[in-house]
Amino acid sequence: MALQFFNTLTRRKEDFVPLDPEGKKVGLYTCGPTVYNYAHIGNLRAFTFEDLLRRYLEYKGFQVKHVMNITDVEDKIIRTVRESGKSLREVTDFYTQEFFRDLDTLNIQRPHVVPRATETIADMIKLIETLVASKHAYVAEDRCVYFSIKSFKDYGKLAHLDLENLQSGARVAQDEYDKEHAADFALWKAWDEDDGTVKWPSPWGDGRPGWHIECSVMSMKHLGETFDIHCGGEDLIFPHHEDEIAQSEAATGKPFVRYWLHNAHLLVDGKKMSKSLGNFYTLRDLLAKGWTGREVRYALISAHYREQLNFTFDGLQAARSALQRIDEFLLKLQELAGAATHGVPKAVVSEFEAALDDDLNISGALGVLFEFVRVGNKGTFSPAGAADVLAMWKKLDMVLGFGMPTKSEVPAGVQQLVEERQAARKAKNFKRSDEIRDQLAKQGWVVDDTPKGPRAKRIG
RNA sequence: GGCGGGUUAGCCAAGUGGUAAGGCGGGAGUCUGCAAAACUCCUAACGUCGGUUCGAUUCCGACACCCGCCUCCA
């Protein structure tokens with residue numbers, strides 16, 4: 001079966017065929033963070049989904065050029081700047097760095113190009129000038145430049161909205177009476193006092209770019225006027241991505257993006273994450289509670305990206321146990337030298353791929369792997385067979401990013417106690433052996449007595 | 001009000017017009033001095049009411065409940 005993605009634009013699954021005539025290169029743009037605070041696990045779900053997408057594309061042999069923006073000028077950032085007394089750059093540099101640290105913790109691959117909004121302002125002004133010249137945009141009384149949605153006949157094609165419905169339901173900010181249409185959106189925001197020192201010169205006076213224009217400009221700059229895939233959370237469908245389409249296509253006259261992929265949000269304990277409910281978590285919160293990056297990665301990645309994910313600590317515990325099951329299997333293979341050859345069933349790889357080909361059905365793919373683990377645990381492997389399986393798993397892990405387990409290094413002191421305990425057991429001095437076990441536990445080590453002798457493992 | 005998604009065992013979560021993967025949990029067993037870990041086996045499910053059909057959890061239509069977007073938001 002061909003690789004298929006659910007395209008928000010058409011609301012159906014479509015075969016994925018890249019723009020590249022040779023079918024090799026893929027342009028991927030993922031909406032990046034607004035760097036005014038630490039990322040929360042809801043944000044990180046989007047980035048783990050996008051990581052799975054990119055890894056699978058690469059696994060399938062595509063050459064992916066992955067671009068992700070950093071939004072480093074925006075209302076909330078300006079507020080943080082004002083309140084902290086720091087410079088814009090100090091604030092955004094700090095949270096950008098922390099953001100990438102989170103990505104590393106979750107083993108998310110870094111994008112190839114990470115443009116910052118504030119470094120792309122000249123290009124944004126150029127695009128806005130084009131839109132003003134072609135009457136798709138106008139300068140209002142308030143000195144802001146707005147995009148005129150009436151000038152773009154396809155407006156609403158992504159979100160499946162029409163203009164009348166937009167007006168009836170939407171709350172319209174009171175200070176937006178300068179606009180010709182309530183849903184017209186700012187391309188350029190005129191400076192006001194609250195902005196402090198945050199401003200750039202433009203043909204329309206000092207100010208700063210609107211949010212939507214950033215993504216249009218940064219994506220087209222690095223991927224071309226039409227590119228393959230654009231991702232983001234489902235909340236971005238409207239207005240953000242709708243507006244990107246409008247301004248980009250109005251400016252270039254070409255289709256902007258071919259496949260739009262959006263991930264559903266996550267809930268925590270069945271409720272929308274919010275600070276007031278006390279169910280708001282950043283990655284560092286979870287790390288502080290003793291969870292690891294890969295456990296969080298597993299929990300975030302193991303449900304289909306278009307389904308709402310209910311994040312719970314029970315779920316994290318399930319992720320931990322599931323990973324332990326995988327680790328035990330792989331560690332066993334690493335140590336094993338059995339009699340019969342088992343070999344790698346070809347079906348595993350093809351079924352794994354078939355699941356992911358179907359709009360990244362990760363649950364199905366993991367199901368295939370666990371099925372294999374169960375069958376594999378029953379069989380025995382020759383050294384060559386075990387090596388084959390490990391090689392296969394390593395390849396599949398390019399997609400999953402869980403990493404291969406390694407035996408924990410046992411310090412000499414610990415190893416000595418383990419041996420002492422084993423000697424005591426041999427001598428049937430169980431009182432002594434249990435004492436040593438307690439002693440090891442205090443040092444953070446647990447001993448498993450396997451048929452092949454004791455094995456020390458670090459706790460946690 | 002408009003647009004969209006969901007409802008599968010105790011929990012999480014795939015999928016299918018012919019009674020349904022997987023993970024976690026639970027139970028039993030193997031192993032062990034006892035444990036622990038591991039492994040094996042077992043366990044249990046398609047919101048309600050209609051319709052189409054030889055047959056529906058799967059298609060269609062209602063209903064109920066949940067959730068998202070429509071406003072900064074992954």
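Lettering of chains follows the sequences in order, A, B, ..., and the numbering in each one begins at 1.
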Peer 1: Can you tell me the distance, in whole Å, between the CD1 atom of A:I326 and the P atom of B:C39?
Peer 2: 11 Å

Peer 1: Decide whether A:E214 and A:T71 meet the rule of one side-chain donor and one side-chain acceptor closer than 3.5 Å.
Peer 2: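 Checked: A:E214/A:T71 side chains pair up, N/O donor to acceptor below 3.5 Å.
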
Peer 1: Among residues 101-117 of chain A, which ones have heavy-atom contacts with RNA chain B below 4.0 Å?
Peer 2: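 Within residues 101-117 of chain A, no residue comes under 4.0 Å of RNA chain B.
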
Peer 1: I would like to know whether A:Y155 and A:F152 meet ring pair (Phe, Tyr, Trp, His ring centres under 6.0 Å); could you show each step before the answer?
Peer 2: CA-CA 6 Å; A:Y155 193 81; A:F152 185 69; 7.2 Å; no

Peer 1: Partners of A:Q422 by side-chain hydrogen bond (donor to acceptor under 3.5 Å, both in side chains), sequence neighbours excluded?
Peer 2: A:R425

Peer 1: In whole angstroms, how far is the C1' atom of B:G5 from the NE2 atom of A:H160?
Peer 2: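 So the NE2-C1' distance, A:H160 to B:G5, works out to 14 Å.
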
Peer 1: Any salt bridge linking A:K189 with A:E74? Criterion: basic side-chain nitrogen under 4.0 Å from a carboxylate oxygen.
Peer 2: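 No salt bridge links A:K189 with A:E74.
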
Peer 1: Mind checking the C1' distance from B:G22 to B:A44? Whole angstroms is fine.
Peer 2: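 After rounding to an integer number of Å, I get 15 Å for this pair.
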
Peer 1: Once you round it to whole Å, what is the distance between C1' of B:C72 and CZ of A:F185?
Peer 2: 16 Å

Peer 1: Using a 4.0 Å heavy-atom cut-off across all strands, classify A:Q317 as base, sugar-phosphate, or nothing.
Peer 2: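 A:Q317: no heavy atom of the nucleic acid under 4.0 Å.
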
Peer 1: Between P on B:G6 and CD on A:E234, what's the gap in Å once rounded to a whole number?
Peer 2: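 Checked: the CD to P distance equals 11 Å.
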
Peer 1: If we take the C1' atom in both B:U57 and B:A21, what is their distance in whole Å?
Peer 2: 15 Å

Peer 1: Run the side chain to side chain donor-acceptor pair (under 3.5 Å) test on A:H212 and A:H240 for me, step by step, so that the C-alpha distance in whole Å, both residues' side-chain angles and the decisive distance to 0.1 Å come before the verdict.
Peer 2: CA-CA 6 Å; A:H212 314 304; A:H240 185 53; 2.8 Å; yes

Peer 1: Applying a 4.0 Å non-hydrogen cut-off, can you work out what A:N377 is touching in the nucleic acid: base, sugar-phosphate, or nothing?
Peer 2: sugar-phosphate

Peer 1: Under 3.5 Å between N/O atoms: give me all the protein pairs with nucleotides 26-29 of chain B, atom names plus distance.
Peer 2:
none

Peer 1: For B:U52 and B:G15, measure between their P atoms and round to the nearest Å.
Peer 2: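 Rounded to whole Å, the distance is 29 Å.
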
Peer 1: Give me the atom names and distance for the closest heavy-atom approach of A:R320 to A:G290.
Peer 2: NH2-O, 3.0 Å

Peer 1: What verdict does the ring pair (Phe, Tyr, Trp, His ring centres under 6.0 Å) test give for A:H262 and A:H241, after you've listed the backbone C-alpha separation in whole Å, the side-chain angles of each residue and the deciding distance to 0.1 Å?
Peer 2: CA-CA 10 Å; A:H262 292 96; A:H241 289 159; 4.9 Å; yes

Peer 1: Can you name the atoms? Protein N/O to nucleotides 12-23 of chain B N/O, anything below 3.5 Å, with the distance.
Peer 2:
{"unit_1": "B:A13", "atom_1": "O2'", "unit_2": "A:S363", "atom_2": "OG", "d": "3.1"}
{"unit_1": "B:A14", "atom_1": "OP1", "unit_2": "A:H304", "atom_2": "N", "d": "3.2"}
{"unit_1": "B:A14", "atom_1": "O5'", "unit_2": "A:S363", "atom_2": "OG", "d": "3.3"}
{"unit_1": "B:A14", "atom_1": "O3'", "unit_2": "A:N361", "atom_2": "ND2", "d": "3.0"}
{"unit_1": "B:A14", "atom_1": "O2'", "unit_2": "A:N361", "atom_2": "ND2", "d": "3.2"}
{"unit_1": "B:G15", "atom_1": "OP1", "unit_2": "A:N361", "atom_2": "ND2", "d": "3.2"}
{"unit_1": "B:G22", "atom_1": "OP1", "unit_2": "A:E371", "atom_2": "OE1", "d": "3.3"}

Peer 1: Quick one, A:R306 and A:D359 - any side-chain contact, counting heavy atoms below 4.5 Å?
Peer 2: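 A side-chain contact under 4.5 Å exists here.
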
Peer 1: Find the distance A:Q324:CD to B:C24:P and express it as a whole number of Å.
Peer 2: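 Whole-Å distance recorded here is 10 Å.
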
Peer 1: Among residues at least two apart in sequence or on other chains, which ones pass side-chain hydrogen bond (donor to acceptor under 3.5 Å, both in side chains) with A:S148?
Peer 2: none

Peer 1: Check the interface with nucleotides 31-34 of chain B: list each N/O to N/O pair with the protein under 3.5 Å, or write none.
Peer 2:
{"unit_1": "B:G33", "atom_1": "N7", "unit_2": "A:R425", "atom_2": "NE", "d": "3.3"}
{"unit_1": "B:G33", "atom_1": "O6", "unit_2": "A:R421", "atom_2": "NH2", "d": "3.4"}
{"unit_1": "B:G33", "atom_1": "O6", "unit_2": "A:S433", "atom_2": "OG", "d": "3.3"}
{"unit_1": "B:G33", "atom_1": "N1", "unit_2": "A:D434", "atom_2": "OD1", "d": "3.1"}
{"unit_1": "B:G33", "atom_1": "N2", "unit_2": "A:D434", "atom_2": "OD2", "d": "3.1"}
{"unit_1": "B:C34", "atom_1": "O2", "unit_2": "A:R437", "atom_2": "NH2", "d": "3.2"}
{"unit_1": "B:C34", "atom_1": "N3", "unit_2": "A:R437", "atom_2": "NH1", "d": "3.3"}
{"unit_1": "B:C34", "atom_1": "N3", "unit_2": "A:R437", "atom_2": "NH2", "d": "3.4"}
{"unit_1": "B:C34", "atom_1": "N4", "unit_2": "A:D449", "atom_2": "OD2", "d": "3.2"}

Peer 1: Find out whether A:W260 and A:F6 are in side-chain contact, i.e. whether some heavy atom of one side chain is under 4.5 Å from a heavy atom of the other.
Peer 2: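 Heavy-atom side-chain distance check fails, nothing below 4.5 Å.
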
Peer 1: Of the residues in residues 38-49 of chain A, which ones touch RNA chain B at a heavy-atom distance under 4.0 Å?
Peer 2: A:H40, A:G42, A:N43, A:A46

Peer 1: Once you round it to whole Å, what is the distance between C1' of B:A35 and CG of A:L440?
Peer 2: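 Taking CG of A:L440 and C1' of B:A35, I get 14 Å after rounding.
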
Peer 1: Under the side-chain contact (heavy atoms from CB on, under 4.5 Å) test against A:L283, which residue among A:N43, A:D102, A:L103 passes?
Peer 2: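 Only one of A:N43, A:D102, A:L103 forms a side-chain contact (heavy atoms from CB on, under 4.5 Å) with A:L283, namely A:D102.
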
Peer 1: Please check the phosphate of B:C69 (OP1 and OP2 only) for any side-chain N or O of A:K272 closer than 4.0 Å.
Peer 2: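 Yes, because at least one side-chain N or O of A:K272 sits under 4.0 Å from OP1 or OP2 of B:C69.
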
Peer 1: Ring pair (Phe, Tyr, Trp, His ring centres under 6.0 Å) between A:H40 and A:F280: does it pass, once the steps are laid out?
Peer 2: CA-CA 7 Å; A:H40 60 250; A:F280 186 96; 5.2 Å; yes

Peer 1: Report yes or no: do A:T118 and A:D72 form a side-chain donor-acceptor pair below 3.5 Å?
Peer 2: yes

Peer 1: Name the one of A:I245, A:V257, A:N7, A:T10 that satisfies side-chain contact (heavy atoms from CB on, under 4.5 Å) with A:L158?
Peer 2: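 Answer to the side-chain contact (heavy atoms from CB on, under 4.5 Å) test with A:L158 among A:I245, A:V257, A:N7, A:T10: A:I245.
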
Peer 1: Looking at every strand, decide which applies to A:I237 at a 4.0 Å heavy-atom threshold: base, sugar-phosphate, or nothing.
Peer 2: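 The answer is nothing, as A:I237 stays clear of every strand by at least 4.0 Å.
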
Peer 1: Separation of A:L330 atom CG from B:C39 atom C1', in whole Å?
Peer 2: 15 Å

Peer 1: Looking only at side-chain N and O atoms, does A:Y38 offer a donor or acceptor that is under 3.5 Å from a partner on A:D285?
Peer 2: no

Peer 1: For A:K76 and for A:K457, locate the closest nucleotide of RNA chain B by heavy-atom distance; then report the residue assigned to the nucleotide nearer the 5' terminus.
Peer 2: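 Result of the comparison: A:K457.
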
Peer 1: Could you work out, with side-chain contact (heavy atoms from CB on, under 4.5 Å) as the rule, every residue matching A:K431, not counting sequence neighbours?
Peer 2: A:N429, A:E435

Peer 1: Between A:V446 and A:R11, which residue's closest nucleotide on RNA chain B lies nearer the 5′ terminus?
Peer 2: A:R11

Peer 1: Taking only residues two or more places apart in sequence, or in another chain, which ones meet A:R82 in a side-chain hydrogen bond (donor to acceptor under 3.5 Å, both in side chains)?
Peer 2: none

Peer 1: Please evaluate residues A:F227 and A:F256 with respect to the criterion ring pair (Phe, Tyr, Trp, His ring centres under 6.0 Å), reporting the C-alpha separation (whole Å), side-chain torsions for both, the decisive distance (0.1 Å), and the verdict.
Peer 2: CA-CA 7 Å; A:F227 60 92; A:F256 176 47; 5.3 Å; yes

Peer 1: If the condition is side-chain hydrogen bond (donor to acceptor under 3.5 Å, both in side chains), which residues does A:N377 pass it with, not counting sequence neighbours?
Peer 2: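 If we apply the side-chain hydrogen bond (donor to acceptor under 3.5 Å, both in side chains) test to A:N377, skipping adjacent residues, the hits are A:K332.
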
Peer 1: Do A:D235 and A:H265 get their side chains close enough for a donor-acceptor pair, meaning under 3.5 Å?
Peer 2: yes

Peer 1: In dot-bracket form, 5' to 3', how is RNA chain B paired? Count Watson-Crick and G-U wobble pairs only if both distances fall under 3.5 Å, and write | where the partner sits on another strand.
Peer 2: (((((((..(((.....[...)))((((((.......))))))...(((((..]....))))))))))))....

Peer 1: Give the rounded distance in Å between these two atoms: NE2 of A:H262 and P of B:G4.
Peer 2: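 Rounded to whole Å, this separation is 16 Å.
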
Peer 1: Does either side chain, that of A:Y29 or that of A:N69, offer a donor lying less than 3.5 Å from an acceptor on the other one?
Peer 2: yes

Peer 1: Looking at RNA chain B, which of residues 263-270 of chain A put a heavy atom within less than 4.0 Å of it?
Peer 2: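 Within residues 263-270 of chain A, the residues near RNA chain B are A:N263, A:H265, A:L266.
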
Peer 1: Pairing donors with acceptors under 3.5 angstrom, does anything connect the side chains of A:T30 and A:H66?
Peer 2: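 The answer is yes; a qualifying pair exists.
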
